[in-house]
Amino acid sequence: KFKALISEGHFNEQKIILAQPQTFMNNSGQAVKSLIENFKLEIENLLIIHDDIDLPLGEIRIQKGRGSAGHKGVQSIIDALGAKDFTRIRIGIKPETEEQNIKAEEFVLEKFTDEEEKIIEETIKKTVEIIFRQLL
């Protein structure tokens, strides 16, 4: 219905909707717009979490009201909503020894090494802590 996997719950008496778009990444905006409209959500309450090849592996940055910086999934959301007044949590995936000529489209589809996987697991834990602190 919403082109996304959805989970609903409550935290500190706030309703929370978690969604993972099931569209191609470049069409994430379709799912996000559908959720915003159907649940009557405010764009400023929207939190988008995404990978970022421009940040070192495991680095986390939080920004609000920023452009897509070339991330096609984020641009799709901005285009679909006609706004960029939402918060983004950017999670770095750039390895320390990045090959010079690899295309981003190819790189993001590769599997993490065991060492990289450990870094990502820790980064996910830190990201969850950041989200809960913002909800308090």
Side-chain angles (χ1 to χ4, degrees):
K1 180 177 180 178
F2 300 111
K3 299 181 183 180
L5 298 176
I6 299 171
S7 179
E8 296 180 58
H10 288 84
F11 182 79
N12 277 353
E13 299 180 24
Q14 285 184 293
K15 183 174 183 176
I16 297 173
I17 300 166
L18 300 175
Q20 179 182 2
Q22 295 298 290
T23 59
F24 287 106
M25 186 258 309
N26 294 359
N27 296 322
S28 298
Q30 294 173 1
V32 173
K33 183 175 182 178
S34 176
L35 291 162
I36 291 284
E37 289 175 347
N38 285 286
F39 286 100
K40 297 177 180 28
L41 305 171
E42 300 294 328
I43 293 173
E44 53 270 4
N45 293 329
L46 179 63
L47 174 63
I48 301 294
I49 304 168
H50 66 88
D51 63 349
D52 195 319
I53 197 165
D54 293 329
L55 295 177
L57 182 68
E59 187 170 318
I60 302 169
R61 293 226 183 124
I62 304 169
Q63 295 166 319
K64 185 170 185 164
R66 183 170 182 252
S68 69
H71 192 287
K72 293 178 182 177
V74 173
Q75 187 62 53
S76 171
I77 294 168
I78 292 170
D79 292 344
L81 299 178
K84 57 184 178 180
D85 299 328
F86 51 86
T87 301
R88 295 169 48 195
I89 297 182
R90 301 165 52 209
I91 298 176
I93 61 167
K94 182 179 181 179
E96 290 181 24
T97 57
E98 179 184 359
E99 294 179 37
Q100 295 298 322
N101 296 324
I102 192 165
K103 293 181 180 180
E105 295 85 7
E106 294 172 9
F107 171 76
V108 296
L109 296 176
E110 291 182 8
K111 291 187 181 271
F112 289 115
T113 65
D114 289 342
E115 185 178 314
E116 291 170 335
E117 190 73 39
K118 289 176 187 174
I119 294 169
I120 289 297
E121 286 176 17
E122 283 302 312
T123 304
I124 291 170
K125 289 177 187 176
K126 289 177 189 173
T127 302
V128 170
E129 290 172 10
I130 289 168
I131 293 167
F132 279 126
R133 279 196 306 260
Q134 292 206 357
L135 291 172
L136 294 175

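In this chain, numbering begins with 1 at the start of the sequence shown.
In this structure, CD in Glu117 is found 10.5 Å from OG1 in Thr123, a value given to the nearest 0.5 Å. Note that CG of Leu41 is 8.0 Å distant from NZ of Lys15, once rounded to the nearest 0.5 Å. Note that CG of Leu46 and OG1 of Thr87 are 8.0 Å apart. Values are rounded to the nearest 0.5 Å.
Counting only distance, with no hydrogens or angles, the side chain of Arg61 and the backbone of Gly92 share no donor-acceptor pair below 3.5 Å. A donor-acceptor pair is defined here as one N or O able to donate and one able to accept, closer than 3.5 Å; such a pair exists between the side chain of Ser76 and the backbone of Asn26.
Phe24 is linked by a ring pair (Phe, Tyr, Trp, His ring centres under 6.0 Å) to nothing, counting only residues two or more places apart in sequence or in another chain. In this structure, the ring pair (Phe, Tyr, Trp, His ring centres under 6.0 Å) partners of Phe2, at least two apart in sequence or on a different chain, are Phe39.
Residues Val32 and Ile48 share a closest heavy-atom pair of CG2-CD1, 4.4 Å. Contact between Lys33 and Leu81 at its shortest, heavy atoms only, is CA-CD2, 3.9 Å. Nearest heavy-atom pair across Gln30 and Ala80 is N-CB, 4.4 Å. Here the closest non-hydrogen pair linking Lys3 and Ala31 is O-CB, 3.4 Å. Residue Lys64 comes nearest to Glu44 through the heavy atom pair NZ-O, 3.5 Å, listed as atom of the first residue, atom of the second, then distance. Considering every non-hydrogen atom in both Ile131 and Leu47, the closest pair reads CG1-CD2, 3.8 Å.
Contact of the Ile60 side chain with the Leu55 side chain is not registered, since no non-hydrogen atoms from C-beta on lie closer than 4.5 Å. Between Ile78 and Gln75, some side-chain heavy-atom pair lies under the 4.5 Å cut-off. Side chains of Phe112 and Ile119 form no contact here, defined as non-hydrogen atoms less than 4.5 Å apart.
Exactly one residue among Arg90, Lys94, His71 makes a side-chain hydrogen bond (donor to acceptor under 3.5 Å, both in side chains) with Asp51. That residue is His71. A side chain to side chain contact (heavy atoms under 4.5 Å, CB included) with Ile62 holds for exactly one of Ile49, Ile89, Thr127; it is Ile89.
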Output side-chain donor-acceptor pairs under 3.5 Å for residues 16-23, partner residues at least two apart or in another chain, one line each.
{"unit_1": "Gln22", "atom_1": "NE2", "unit_2": "Gln20", "atom_2": "O", "d": "3.2"}
{"unit_1": "Thr23", "atom_1": "OG1", "unit_2": "Asn27", "atom_2": "O", "d": "3.2"}

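Annotation: Asp114, atom CG; neighbour count of heavy atoms from other residues, nucleotides and ligands within 6.0 Å does not exceed 12. Counting heavy-atom neighbours within 6.0 Å of Glu8 CD, excluding the residue itself, gives a total above 12. Atom NZ of Lys126 sits in a sparse spot, with 12 or fewer heavy atoms from other residues, nucleotides or ligands closer than 6.0 Å.
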*asked:* Walk me through whether Glu116 and Lys111 qualify under side chain to side chain contact (heavy atoms under 4.5 Å, CB included).
replied: CA-CA 9 Å; Glu116 291 170 335; Lys111 291 187 181 271; over 6 Å; no
*Kindly determine whether Ile77 and Phe86 satisfy side chain to side chain contact (heavy atoms under 4.5 Å, CB included), including the steps that lead there.*
CA-CA 10 Å; Ile77 294 168; Phe86 51 86; 3.9 Å; yes
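A chain of hydrophobic side-chain contacts below 4.5 Å, direct or via other Ile, Leu, Val, Met, Phe, Trp or Tyr residues, connects Ile43 to Ile6.
Under 4.0 Å is where a charged nitrogen must lie from a carboxylate oxygen, and between Glu121 and Lys118 no such pair does.
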